[in-house]
Structure formats: C-alpha cells, structure tokens
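Report on the following structure.
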Amino acid sequence: MENLQLLLESFWPMFKAGLMISVPLMLVSFALGLVLAFVLALMRMSKIAPFKAIAWFVVWVIRGTPLLVQIFVIYFGLPSVGVVLKPIPSAILALVISQGAYNSEVIRAALGSIPKGQFEACHTLGLNKWQTMVKVIIPQAALVAVPSLANSFISLLKDTSLVASITVPEILMTAKGIIAVKFEPLLLYCEAAVVYLIFSTVLTQLQSMLEKRLGKHLVDSRS
C-alpha cells in the first residue's frame, strides 16, 4: 500500500518533467539538428573538396564517440577555454550536434535516391538549382527519409535521459531527486522507465499515422 502511494505521488513530478523539459528539449534539438543535418548532407554531396572533408570529419567524430562524452566535453570541458554554458544550453548543443551528424546520413541517402534524370528534367524546364531542390527534390526525398528520421526522433527522447548527468531536471533527474528522499531506487527507476515508455508509445503511434499518410501520398503521386 505504501509503495502504491509512493508511485502515485512520484508519477506526476516525473510526467511533468517529461512534458516541461524532456519533450521540449527533444523538439528543439531535433528541429535544429535537422537543419544541421541538411547542411552537412549538402556539404557531403558538394563537389568542393574542403566542404566534403569538413562534413565527413564532423560526422566521423560525432558518430564515433559516445553522446555522454560529447555532453561532458561541452559542459565540463569548454569552460577550460573560456566557454561556459548552463546545463540546458549545453544539453541542446550536444543533442543538436549528435542529431545533425546521424541524420545527415539519412538525408544524404534520401537525396541520393532521387534519379538524376529529374535534375536534368528540371533544368530543361528552366528551373534553377534552388527551385529544383525546393520544389522537386526535397519533397520526394522527405518521403524517403521520414521513417528513419521518425525513429531518430523517438530515440532522441530516450537520449535526453543522458543530460541528467549535467543536472538538467528532466525525467531521470527528477526520479533521482525523489529517490534521494524516499530511498526506493528499484521502484522509482522502474516508474521512470514507464514514463519514458508512455511518451515513446505516443510518439510511435504518431509516427505510424504519419507514415500511413505519407504512404498514401506517395502512391497517389506515382499513379
């Protein structure tokens, strides 16, 4: 009975932390990371060697090192060179860079899947490179990239748990605070896992709905 009461009392603080911190952190980091990913993808596909080299290096480093280490480098390491960031900006910066590196490969593959003949057809129609990308290539590439990007989006929610290590008050950090008072680590960590599961399940359902709608759009565009 006492355990049930504890679960009921601790659920809302964790759920609220998810709504107020974890989800906004995920949304902001994913949106900014998507912009960075698109830039990196275009740099990787560029014919300008320095651009390709810089983008390759960034992706290589970020994909080859743990996200937790990247968070520590930004929050604990940058102050040694005079750059001091608070926990939430540090968390956002680390998550944006990570998302940018991983999703750049998804976007690059999606852009590369578009037949080159479409570029030539657009050129024949008098469209410049910018118009071709915005009106023809990107919309088609988006249909290809959405499933992978949606999976990355859901994974990002779970990755926000890592920023508890720099005292960002998200779900896991809130759970730790309650555990420090109630001394029930097994029970409360399991409850934190359930809270993450609830948010992830909702996002998975939204992903499924989005893919169905895009799938119909793709079929209609091909018919």
Side-chain angles (χ1 to χ4, degrees), residues 18-19 22-46 52 55-56 58-68 70 91-119 121-122 130-163 170-171 193-223:
L19 288 176
S22 298
V23 171
L25 191 63
M26 173 189 67
L27 292 172
V28 171
S29 299
F30 186 80
L32 296 177
L34 205 56
V35 174
L36 177 59
F38 189 71
V39 172
L40 288 173
L42 291 181
M43 290 175 68
R44 288 290 300 274
M45 298 175 73
S46 172
K52 294 185 69 172
W56 175 86
V58 170
V59 172
W60 173 63
V61 170
I62 299 303
R63 294 183 68 186
T65 55
L67 176 56
L68 185 59
Q70 297 163 20
I92 291 174
L93 180 58
L95 293 172
V96 166
I97 294 174
S98 176
Q99 286 292 298
Y102 279 94
N103 288 338
S104 68
E105 294 299 283
V106 174
I107 293 174
R108 185 166 70 95
L111 291 173
S113 69
I114 307 301
K116 293 183 178 180
Q118 296 204 23
F119 289 90
C122 290
W130 174 254
Q131 292 172 323
T132 299
M133 289 296 293
V134 172
K135 295 182 179 181
V136 180
I137 304 304
I138 292 177
Q140 294 182 76
L143 294 175
V144 177
V146 160
S148 296
L149 292 178
N151 288 332
S152 178
F153 184 61
I154 295 170
S155 295
L156 179 58
L157 174 68
K158 292 174 284 186
D159 288 341
T160 59
S161 63
L162 295 175
V163 303
E170 48 71 69
I171 298 170
V194 170
V195 174
Y196 279 111
L197 184 60
I198 291 171
F199 282 108
S200 295
T201 301
V202 172
L203 291 173
T204 300
Q205 292 301 315
L206 292 175
Q207 174 192 2
S208 181
M209 292 168 59
L210 178 61
E211 288 181 0
K212 286 180 181 178
R213 292 192 64 180
L214 289 175
K216 291 180 180 178
H217 178 74
L218 184 59
V219 170
D220 293 341
S221 65
R222 288 177 175 175
S223 61

Could you measure the distance from the [atom1] atom of [X] to the [atom2] atom of [Y]? Nearest 0.5 Å is fine.
| X | Y | atom1 | atom2 | answer |
| --- | --- | --- | --- | --- |
| Phe199 | Leu19 | CZ | CG | 4.0 Å |
| Ser104 | Gln99 | OG | CD | 10.5 Å |
| Asn103 | Phe30 | CG | CZ | 5.5 Å |

Which atom pair, heavy atoms only, marks the closest approach of [X] to [Y]?
| X | Y | answer |
| --- | --- | --- |
| Ala94 | Leu67 | O-CD1, 3.9 Å |
| Ser29 | Ile92 | OG-CA, 3.9 Å |
| Arg44 | Lys52 | O-CE, 3.3 Å |

query = Any side-chain heavy atom of Gln70 within less than 4.5 Å of one from Ser98?
reply =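 Gln70 vs Ser98: side chains touch.
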query = Below 4.5 Å, heavy atoms only, C-beta onward: do Met26 and Val23 meet side chain to side chain?
reply =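 Yes, close enough: below the 4.5 Å cut-off.
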ask   = Of the options Leu27, Ile171, Val163, which is the one that meets Ser22 in a side chain to side chain contact (heavy atoms under 4.5 Å, CB included)?
value =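 The residue from Leu27, Ile171, Val163 that satisfies side chain to side chain contact (heavy atoms under 4.5 Å, CB included) with Ser22 turns out to be Ile171.
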Hey, does the side chain of [X] reach the backbone of [Y] with a donor-acceptor pair shorter than 3.5 angstrom?
| X | Y | result |
| --- | --- | --- |
| Ser113 | Ala110 | yes |
| Ser208 | Thr204 | no |
| Ser152 | Ser148 | no |

Side-chain donor-acceptor distances from residues 154-161 under 3.5 Å, at least two apart:
unit_1: Ser155; atom_1: OG; unit_2: Asn151; atom_2: O; d: 3.1
unit_1: Thr160; atom_1: OG1; unit_2: Leu157; atom_2: O; d: 2.4
unit_1: Ser161; atom_1: OG; unit_2: Lys158; atom_2: O; d: 2.6

Sequence neighbours left out, cut at 3.5 Å: what donor-acceptor pairs do the side chains of residues 31-42 make with other protein atoms?
none

For Trp60, all residues meeting ring pair (Phe, Tyr, Trp, His ring centres under 6.0 Å), sequence neighbours excluded =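 For Trp60 the ring pair (Phe, Tyr, Trp, His ring centres under 6.0 Å) partners, ignoring immediate neighbours, are Trp56, Phe57.
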